[in-house]
Every structure is written in C-alpha cells, then in structure tokens.
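Step one of this worksheet: look at the structure below.
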Amino acid sequence: FTSARLSNLKRHLKTHSDEKRYLCHLCPKAFRTATLLHNHVNTHTGTKPYKCSDCDTAFVTRGELSRHRRYKHTLEKPFKCTICEYSSVEASKMRRHIRSHTGERPYPCDLCSYASKDAYKLKRHMLTHTGEKRYECCVCRARFTQSGTMKIHMLQKHGENVPKHQCPHCSTLISRKSDLGVHLRNLHSYMEEAIKCSACEAVFHERYAFLQHKKTHRGGKGFKCAQCSYTCNQ
DNA sequence: CATCACTAGCGCCCCCTGCTGGC
DNA sequence: GCCAGCAGGGGGCGCTAGTGATG
C-alpha cells in the first residue's frame, strides 16, 4: 500500500491489526471507526438519514442511497458487458453475468456433482438435499421449496379468473404457459420421421393430426362401456 | 485526527422463466 | 394436463470495509 498522505498510511496500517475499539451497546459487534459503529447502530434503531428525493425510501448510508438512485431513478449502469448488451449497476452483478458467457461455476455442491454460477443459487440448491420447504401457502398451508413455485400455486389454486393459455393449433386450454410449451412440442411439432396409420395408408408429421385421424377409424363409436350404453372417444 | 464521499465486496432474497417427471 | 421441484439469469437492497480528500 502507498499513499500520498502520511495520515492515510497511518490509517491503513490499522487495517493490519484486529483492534476495534468502537463497541456496539446493542450487540456484541465492534468496529474500527466511529462512523462504522454509528452506521451499525442505525441498523438497530432503524434510523435512516439518507432520504431519496424521488420516492419515499430511505437508507442508513449515502452509498446505499446512491445505489438505489441508480437502480430506480437515474438508471445509470456503469458496468458494461464486453460480449453483449448487458450492463449493470454493480460490479458483482457484472461478474455474475459474465459467468453466463463463460459457463464458469465456482460454487460446487459438496453433496452432489452440481456446481453453481452464483453463491445464492448454491444455497438454494442445498435445500434439495435438506428437504427444507420454507415457503408456506397462507391459504391451504401447503409448503414449497421456492417462493416462485408457491406464487404459481397461489395463483392457480386460489386465484380468481385465472387466464388460461389457448393452444394456437387446437382447442386445448392449458393453465401454465410452460405446459403449453410441452403441449406444442409433444403434439404440434414437425416430426422428421412420419407416423404411419396402422389402419390405412395415411402418414403424419404431426402427432396431433395423427391422433385426430385415428379417431376417424372408430366410426364414431368410440370406446364402449361393457356394463352400460356409455360411449366416448378418448 | 475525525469526517465526508465514494468504491468494492460480501450477503440475502426476490422476481421471472422454463424444463422435468410423477400423477 | 396438472402440479411441484428445481435450475438459469437477473434486480434490488442490507451491511461492512477500505481509500482519497478535506477541514
């Protein structure tokens, strides 16, 4: 370390010792400087001196306010990705983003072969080993591993007038968008290898068309119940 | 020397998205 | 098809530590 000022060098030297003479009176923590202690005590008391002028949020430190303003108001993103258009407010976000390009996974799970690109994802992954379900539905008390999964549950099970997804190729209505994706892949995607009808010469490159065609061979009779007159087509 | 302004860095949790496989 | 589990990419904040500059 070098500094143009002797005073700053002296201050820097203190970082090599463990001396922390500023003690918090509300918890066991100790700090090197009065300012750090002051900020820390404010986290206990909820004192937030730095108010945002554009919304009603407030922060303990000026730095937090400054970051907040970048996220919410100035939209200034100083860190630019050299590979794509992504930019971020924080350097740590850029490092995380870069891993999506490099594929680097610095956070290995010590219980399985999984490795994560970011620390929190590893933490989330570890819940799959502990079996912990920390999210509870406030209506039916069902528990979930992730908050997002619970949100979907709340919407689908307890929501009102939940919109369904209409398949663009048939009349099927599907609750979840991702299930529509599965439906499209399974039933409406083009198959290189055609399916041949076992009852006639027809061939199909789409499973849905094939299944519809198969019904025509049932002569409208469909499936008959052996016990009564009930019939159906599926 | 204390203090301000600022940056850096860790962490936490959330969001949305989309796939998987059991039912 | 419904459903919960679960991973990827990302936004926003909580908090602490260190440094340049100033009074």
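Below, read A as the first sequence line, B as the second, and so on, with proteins coming before strands; counting in each chain starts at 1.
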| Is there a donor on the side chain of A:Glu90 or the base of C:dC13 sitting less than 3.5 Å from an acceptor on the other? | yes
| query | For the side chain of A:Lys93 and the base of C:dG12, is some donor closer than 3.5 Å to an acceptor across the two? | reply | yes
| task | Report yes if a donor N or O on one partner sits less than 3.5 Å from an acceptor N or O on the other, where the partners are the side chain of A:Arg5 and the base of C:dT19; otherwise report no. | result | no
| Under 6.0 Å from the CG atom of A:Asp18, do we count more than 12 heavy atoms belonging to anything else shown? | no
| query | Hey, is the side chain of A:Arg124 pairing donor to acceptor with the base of C:dG8 inside 3.5 Å? | reply | yes
| said: Taking atom types as they are modelled, would you say the side chain of A:Asn39 forms a donor-acceptor pair with the base of C:dC15 within the 3.5 Å cutoff? | reply: no
| request: Please report the C-alpha distance between A:Glu90 and A:Tyr71 in whole Å, then the side-chain angles of each, then the deciding distance to 0.1 Å, and finally whether the side chain to side chain contact (heavy atoms under 4.5 Å, CB included) criterion is met. | output: CA-CA 10 Å; A:Glu90 298 177 78; A:Tyr71 268 121; 2.6 Å; yes
| said: Regarding C:dA4, can its base be found pairing with the side chain of A:Gln146 as donor and acceptor, where the two atoms are less than 3.5 Å apart? | reply: no
| message | Looking at the base of C:dG11, is there any donor atom on it, or on the side chain of A:Arg67, that sits under 3.5 Å from an acceptor on the other one? | response | no
| request: Starting from the C-alpha separation in whole Å, work towards a yes-or-no answer on side-chain hydrogen bond (donor to acceptor under 3.5 Å, both in side chains) for A:His68 and A:Thr57. | output: CA-CA 9 Å; A:His68 158 81; A:Thr57 48; 3.2 Å; yes
| query | So which nucleotide from C:dG10, C:dG1, C:dC6 ends up closest to the side chain of A:Leu187? | reply | C:dG1
| message | Can you say whether a donor on the side chain of A:Lys121 sits under 3.5 Å from an acceptor on the base of C:dG9, or the other way round? | response | yes
| C:dG20 base to A:Arg11 side chain: any donor-acceptor pair below 3.5 Å? | yes
| query | For the base of B:dC10, is there a side-chain donor-acceptor partner from A:Ser92 under 3.5 Å away? | reply | no
| query | Counting side-chain heavy atoms from CB outward, which of B:dA5, B:dC10, C:dC2 is closest to A:Arg176? | reply | C:dC2
